[in-house]
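Each chain gets a letter, A, B and so on, in the order its sequence line appears, and its residues count up from 1.
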Number of protein chains: 2
Amino acid sequence: MRDVMDILKALGDENRVRIVLALQHGELCVCQLIALLQLAPSTVSRHLSLLRAARLVESRKEGRWSYYRLVDAEKYPLQIELVQRISSALESASRVVMDRKKLEELSRTDMEALCRKIMKKS
Amino acid sequence: MRDVMDILKALGDENRVRIVLALQHGELCVCQLIALLQLAPSTVSRHLSLLRAARLVESRKEGRWSYYRLVDAEKYPLQIELVQRISSALESASRVVMDRKKLEELSRTDMEALCRKIMKKS
DNA sequence: CCTATATTTCGCTATTTAACGAAATATAAG
DNA sequence: CTTATATTTCGTTAAATAGCGAAATATAGG
């Protein structure tokens, strides 16, 4: 039960739901998620570590950057089915639509520049 | 998004998950849920009101008793599909198995007697 | 090696929330 | 009408948690 509750608690926060929905379109770098959510890097990092503990996402390190993606549906069907069901329910929610738009923009932005902009803020 | 988050937050608490799983077997009186969860009546009542706000359960009053049940799957498919998916993931979780056992017992107990026993405690 | 960059960990504060008991409400029974 | 019963609402307290900034860690580049 603990495992399942960890998943449900992880999905009980709006910003974490925004993260997993964003990752449905493919893996993202932490700095892209920071730019999307407009939260402090440490806050986003904490959200990601909770999502990872719940086996909703996994990460890979490439050079200075960490990339996060949803876990494999074959290995973690519960997690992915929940995400998909939530995603379809939120398809036209304004916040989610805005996030999709912003993500497109971000994917066109050079990542070096993006990260630098975020670091300046602090 | 608010509506969906209300559902996910409601499902992010172990005791509330236990309630909705219990209600899968049919409607239950508040005093039965109190006996199941072993929590104060006011606490159970608060959980139920959160579940109702999220449209996961609905209630009906009959005399002195309030009966709660899951909402209709046709009207609230998201809620019911989530409950079903969670239920299947928790099918063999020890706590859930114990709850099922206890519920059988409770369904055989006279409800007047059950309620009285609970009231004595406070 | 030294500096800049990207992310994570840690310590703290503010907010949320689960839990309880007491009081309020509603209904049934005498 | 009064009392007992079942549930809900309210006020309070304790615990959990989201958020931030500072410090720590890790990697890339000069």
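- In this model, the phosphate group of dA19(C) is not approached by any side-chain N or O of T43(B) to a distance below 4.0 Å at OP1 or OP2.
- Cation-pi check for R60(B) over Y67(B) is met; the charged atom lies under 6.0 angstrom from the ring centroid and within 45 degrees of its normal.
- Listed nucleotides: dA6(C), dT8(D), dA18(C). Nearest to the side chain of W65(A): dA6(C).
- Checked options L70(A), L56(A), D72(A); the residue passing with I80(A) is L70(A) (criterion: side-chain contact (heavy atoms from CB on, under 4.5 Å)).
- Comparing atom distances between the K9(A) side chain and each of dT7(C), dA18(D), dT17(D) picks out dT17(D) as nearest.
- Between the two ends of the helix from dC1(C)-dG30(D) to dG30(C)-dC1(D), each summarised by a five-pair axis, the helix axis turns through 20° (rounded to 10 degrees).
- Distance from the side chain of L39(A) is smallest for dC20(D) among the nucleotides dT17(D), dA6(D), dC20(D).
- Following rounding to the nearest Å, D13(B) (CG) and dA19(C) (C1') show an atom-to-atom distance of 11 Å.
- Between dA6(D) and Y68(B), no contact under 4.0 Å exists linking OP1 or OP2 to a side-chain N or O.
- Checking the phosphate oxygens (OP1, OP2) of dT7(D), no side-chain nitrogen or oxygen of R46(B) falls inside 4.0 Å.
- Computed from coordinates, the Y67(A) OH to dT8(C) P distance equals 13 Å when rounded to whole Å.
- Checking dT8(C), dT5(D), dA26(C) against every side-chain atom of K61(B), the shortest atom distance belongs to dA26(C).
- As a whole-Å value, the separation of K117(B) NZ from dA6(D) P is 13 Å.
- The shortest distance between the side-chain N/O atoms of H47(B) and the OP1/OP2 oxygens of dA19(C) is below 4.0 Å.
- Rounded to whole angstrom, the span from the CZ atom of R116(A) across to the C1' atom of dA28(D) amounts to 13 Å.
- Residue R64(A) places its side chain closer to dA28(D) than to any other of dA18(D), dA28(D), dC10(D).
- Minimum atom distance to the side chain of S42(A) is reached by dC10(C), of the listed dA6(D), dT9(D), dC10(C).
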